Asks: 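After the structure tokens below, expect a handful of questions from me.
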Amino acid sequence: MRIGCSIAATALVFGCVQSVIAAPAEHRQSVPANNQARMDAVKSAFQHAWQGYAKYAWGHDELRPLSNGYSDTRNGWGASIFDALDTMIIMGLDKEYQQAMDHVLKVDWKKTPSPSKTFETNIRYLGGLLSAYDLRPDPQLLNKALDLAHNVILPAYNTPNGIPAAYVDVAKGKPTSEQGLILAEFGSLQLELVRLSQVTGDDQYAKLANSVIEKIANVKASYPGLYPITWDLKSFTPSSELQLDMWKVAAQSMQQYLRSETSKNMVFLSEINDQYKLLQTGELVCFIPGNLLMGARYLNDPNLEKFATELMDGCYNAWALTPTGLAPETWSWVDKSQDIKKYPQVMQAAMQNTGYAAQDVSYDLRPETLESIFYFYRLTGDPKYQDMAWNIFQAIEKYCKTESGYTRVADVSNTGAVRPMDFEESYFFAETLKYLYLTFADPNYISLDDYVLNTEAHPFKLTKPVKIQAQFS
């Protein structure tokens, strides 16, 4: 249901304003010493990963941090570089930023050995360029973003019903024949294209993106506001509906139909498949608590805030209750209304020990829980969320760090069985470390009153400030 994030965020974007953030050093004086030390540790982690990438995988999409090889899963344009542009600005890493810009300006979008995945290209490449432009305006960044939009992203909308295709054949400048779509992907293109319209004054990009939301709204859902994860490209008809209204309906339905509580009073979001409620979830879903809290504060809805907090606690416990302090990729549980004695002994033992049962025990460098923790700290002002973030960072440092970067691990359930896997996603630069750094930073730095973050944690300047962030002394 990542559509909720894109709808809620897009609904807060208005008009057009340009500004430059203050240098990081200007905010450090208001940060307590313990948080300065935490910021420095996160910054050092970024520099460690960046140095490994620059040495062994420069210009490629990702570093393989065990073999010191590389992979090109995002068209070979250097996804890690584009994803890290705003992180380097935020952390004040000017030398690394200039190194990155030298590469960015040389990229030819028309040269790629594989089709472009519309969602990934949009959130990483276009999002990275626009965020860097918002934080440090440079016409070269905007020109590069426009070139990308016209050559790679807009062709995805050349379909009979205007719904963006999942993939684009860049050489031919048209969608591939792939008909399958994922809700989280075609429902997460709005922020970038709306922002592109705002900074250029050309509304064609916003119209294309927002027309998709209107078409989604016209599709009748089995549960109000809860749409299928997988779609067919031909299953849409045009209509219109306010995005914020859609988000409210979805949030209410999540609480009514998906909420599940265990016997240990942990709350998770379940899934529905063919009218059956499946008691399973995963780290990928853990962005939702932060999204719900942002909406609750925007709407002044205490009931929704309570629901968001329950889910936040559940997601954090998925980390805190493992021997390594790292969350499994997916897990299941027994609802407190069910008779646990009817379940196998292994499930009963898991519920007794942790309150949930890990399914996929790998950790994939996921940022979603840290994303929610960032929002909870900024919106509540409670320092306990900073401590949560620090606990997670320490676990990542202990089990994921290699000589050249950070890697996935195969098993979080046994400290003696933690095995690194030779693959690193570029979102470790763009999201995981950025959320950590901003959680410890001066809360007025990239304030949620002034910025909205996209699916890849790239901050865009709001054209009209909102008042949702907590008041910090």
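Model, not experiment: these values are computed from the prediction.
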Asks: Taking R136 first and then D86, would you say they form a salt bridge - that is, a charged N and a carboxylate O separated by under 4.0 Å?
Replies: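 Salt bridge: no.
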
Asks: Using side chain to side chain donor-acceptor pair (under 3.5 Å), reason through E283 and T369 one step at a time and then give a plain yes or no.
Replies: CA-CA 7 Å; E283 171 63 10; T369 294; 2.7 Å; yes

Asks: Is the centre of the F472 ring less than 6.0 Å from the centre of the Y377 ring?
Replies: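 F472 vs Y377: aromatic centres under 6.0 Å.
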
Asks: Quickly, which of Y435, Y451, F287, Y385 forms a ring-ring contact (aromatic ring centres under 6.0 Å, His included) with F374? Name it, please.
Replies: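 With F374 as partner, ring-ring contact (aromatic ring centres under 6.0 Å, His included) holds for just one option, Y435.
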
Asks: Quick check: are there more than 12 heavy atoms from other residues, nucleotides or ligands sitting under 6.0 Å from CZ of F423?
Replies: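 For F423, atom CZ is crowded (more than 12 foreign heavy atoms under 6.0 Å).
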
Asks: May I ask you to decide if the ring planes of H150 and Y205 are parallel, tilted or perpendicular, using 30° and 60° as cut-offs?
Replies: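 Plane angle over 60°, so perpendicular.
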
Asks: Can you say whether the rings of F82 and W109 are parallel (under 30°), tilted (30 to 60°) or perpendicular (over 60°)?
Replies: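 Tilted.
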
Asks: Classify the angle between the aromatic ring planes of Y356 and W331 as parallel (below 30°), tilted (30 to 60°) or perpendicular (above 60°).
Replies: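 Geometry flag for W331 against Y356: tilted rings.
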
Asks: Got a salt bridge between D245 and K248, using NZ or NE/NH1/NH2 to carboxylate O under 4.0 Å?
Replies: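 Yes, charged N to carboxylate O under 4.0 Å.
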
Asks: Under the ring-ring contact (aromatic ring centres under 6.0 Å, His included) rule, what do W50 and F428 come out as? Steps first, then yes or no, please.
Replies: CA-CA 11 Å; W50 180 258; F428 185 69; over 10 Å; no

Asks: Could K434 and D83 be called an ion pair, given the rule that one side-chain N must be under 4.0 Å from one carboxylate O?
Replies: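 No salt bridge links K434 with D83.
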
Asks: Flag the pair R38 / Q386 as yes when at least one side-chain heavy-atom distance between them is below 4.5 Å, and no otherwise.
Replies: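 Heavy-atom side-chain distance check passes, below 4.5 Å.
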
Asks: Using the ring centroid of each side chain, check whether Y406 and H48 are separated by less than 6.0 Å.
Replies: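 They qualify: ring centres under 6.0 Å apart.
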
Asks: Using 4.0 Å as the upper bound for N to carboxylate O, is an ion pair formed by R366 and E431?
Replies: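 No, E431 and R366 are not salt-bridged.
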
Asks: Enumerate the residue pairs fulfilling salt bridge (charged side-chain N to carboxylate O under 4.0 Å, His left out) with a member in residues 307-325, sequence neighbours excluded, ordered by first and then second residue.
Replies: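 Qualifying pairs, neighbours excluded: R259-E310, K306-E310.
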
Asks: Is the ring centre of Y363 less than 6.0 Å from the ring centre of W319?
Replies: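 Close enough - the centres of the two rings lie under 6.0 Å apart.
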
